[in-house]
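Below you'll find the structure, written out as structure tokens, and then a few comments.
Counting convention: from 1, in listed order, for ligands and their atoms alike. Note that the numbering runs from 1 along the sequence shown for the chain.
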Amino acid sequence: MKLLYAQTSPYVRKVLVLAHETGQADAIELVPVAAVPTERNPETIPHNPLGKVPTLITAEGAALFDSRVICEYLDARSPGPRLFPEGEARWDALARQALADGLLDAALLTRYERAMRPEALRWEAWEAGQRAKIAGALDRIEATLPAFRDRLDIGTVATACALGYLDFRFPDLGWRDNRPVAAAWYAAFGQRPSMQRTAPPQG
Ligand SMILES: N[C@@H](CCC(=O)N[C@@H](CS)C(=O)NCC(=O)O)C(=O)O
């Protein structure tokens with residue numbers, strides 16, 4: 001399998017954390033590609049017309065995207081642990097993944113706004129709206145964490161990758177302020193080898 005990837009992408013990180021946790025990291029060849037919304041990357045487009053990472057090319061040559069589809073695919077072929085629970089617990093785990101991914105979507109849009117959009121074209125109210133989504137998602141994580149803090153599933157993996165992205169791109173946000181439960185949980189979860197091995201570049 002080949003994974004079209006960028007080391008800084010939190011969605012890629014989610015896929016790689018799941019690959020490590022399910023013992024499949026060595027089966028994935030990492031192919032670095034540029035992923036920029038304003039440019040069509042000829043390496044990625046033939047596989048994924050959206051031009052986004054992560055995009056997985058399976059051993060059979062099928063292209064899979066986005067991160068949720070890839071995570072389910074890898075989980076389904078896991079030789080060991082599974083991170084998508086069955087039964088009632090599944091909906092809870094998927095909902096927590098959706099919350100964390102939604103936090104990431106808002107954070108990434110904010111990042112693009114700050115790093116890419118020409119200053120004269122910036123729209124403050126729009127960025128404030130994205131920041132409010134991030135804060136709301138963080139508050140929901142803080143409130144609900146006691147019920148799932150001991151789980152290892154796609155929900156906790158996605159949550160940890162989202163918090164890691166905030167540390168990486170928004171170190172001044174102070175997401176830990178008034179959120180001691182999430183801060184303590186992330187400090188412990190972040191020590192997992194899967195998280196350590198997939199950390200974004202420093203500096
Ligand atoms: N919902 C997608 C989001 C993927 C995504 O937005 N990836 C970013 C990098 S972090 C990207 O490829 N951006 C390039 C673009 O938007 O063209 C997923 O879960 O995989």
Side-chain angles (χ1 to χ4, degrees), residues 1-22 24-25 28-58 62-76 83-84 90 93-118 121-123 126-127 129-131 133-134 137 141 153-171 173 175 194-195 197-202:
M1 290 181 283
K2 288 186 184 176
L3 186 70
L4 308 189
Y5 95 120
Q7 210 189 348
T8 53
S9 166
Y11 307 97
V12 166
R13 189 178 191 190
K14 186 169 52 135
V15 167
L16 292 179
V17 169
L18 183 136
H20 279 285
E21 294 288 354
T22 58
Q24 299 178 83
I28 298 176
E29 181 191 339
L30 298 176
V31 181
V33 293
V36 182
T38 51
E39 286 163 29
R40 302 288 282 165
N41 184 335
E43 277 179 277
T44 314
I45 299 299
H47 305 290
N48 176 356
L50 303 176
K52 295 188 182 191
V53 294
T55 295
L56 183 79
I57 302 162
T58 68
L64 295 181
F65 53 91
D66 57 14
S67 64
R68 295 180 220 200
V69 176
I70 299 170
C71 284
E72 284 224 42
Y73 173 78
L74 292 176
D75 198 66
L83 271 59
F84 284 76
R90 179 177 185 82
L94 290 181
R96 284 185 280 109
Q97 173 180 223
L99 179 69
D101 280 5
L103 188 164
L104 273 182
D105 293 343
L108 189 66
L109 288 174
T110 304
R111 163 83 187 155
Y112 286 153
E113 184 76 11
R114 287 184 188 176
M116 295 188 65
R117 192 183 296 278
L121 299 179
R122 286 190 197 147
W123 181 14
W126 189 89
E127 191 185 315
Q130 301 307 319
R131 282 203 309 268
K133 289 178 199 289
I134 296 170
I141 290 167
D153 61 23
I154 190 60
T156 43
V157 167
T159 301
C161 291
L163 298 178
Y165 185 70
L166 294 181
D167 278 347
F168 176 50
R169 289 299 194 204
F170 299 89
L173 182 73
W175 68 261
S194 62
M195 290 292 292
R197 288 186 193 133
T198 58
Q202 299 298 311

Please produce the table of protein N or O atoms sitting under 3.5 Å from N or O atoms belonging to ligand 1, one pair a line, distance to 0.1 Å.
| residue | atom | partner | partner atom | Å |
| --- | --- | --- | --- | --- |
| ligand 1 | 1 (N) | Asp66 | OD2 | 3.1 |
| ligand 1 | 7 (N) | Val53 | O | 2.8 |
| ligand 1 | 12 (O) | Val53 | N | 2.9 |
| ligand 1 | 13 (N) | Tyr112 | OH | 2.9 |
| ligand 1 | 19 (O) | Ser67 | N | 3.4 |
| ligand 1 | 19 (O) | Ser67 | OG | 2.6 |
| ligand 1 | 20 (O) | Ser67 | N | 2.8 |

Exercise for the section: For Leu108 and Tyr165, run side chain to side chain contact (heavy atoms under 4.5 Å, CB included): C-alpha distance rounded to whole Å, both residues' side-chain angles, the deciding distance at 0.1 Å, then the answer. Expected result: CA-CA 9 Å; Leu108 189 66; Tyr165 185 70; 3.4 Å; yes
Less than 3.5 Å apart, which donor and acceptor atoms pair up between the side chains of residues 43-51 and the rest of the protein, not counting sequence neighbours?
| residue | atom | partner | partner atom | Å |
| --- | --- | --- | --- | --- |
| Asn48 | OD1 | Leu50 | N | 2.8 |
| Asn48 | ND2 | Lys52 | O | 3.3 |
| Asn48 | ND2 | Thr55 | OG1 | 3.0 |

Handout entry: Tyr112 vs Gln130, side chain to side chain contact (heavy atoms under 4.5 Å, CB included): CA-CA, chis, key distance, verdict
Key = CA-CA 12 Å; Tyr112 286 153; Gln130 301 307 319; over 6 Å; no
Handout entry: Pairing residues for Arg114 by the side chain to side chain contact (heavy atoms under 4.5 Å, CB included) criterion, not counting sequence neighbours
Key = Thr110, Glu127, Arg131, Phe170
Practice task
Could you tell me which non-hydrogen atom of Asp153 sits nearest to which non-hydrogen atom of Ala93, and how far apart they are?
Solution key: OD2-CB, 3.8 Å
Exercise for the section: Please name all residues satisfying side chain to side chain contact (heavy atoms under 4.5 Å, CB included) with Asp75, sequence neighbours left out, ordered by chain then number. Expected result: Leu18, Thr22, Arg82, Leu83, Phe84
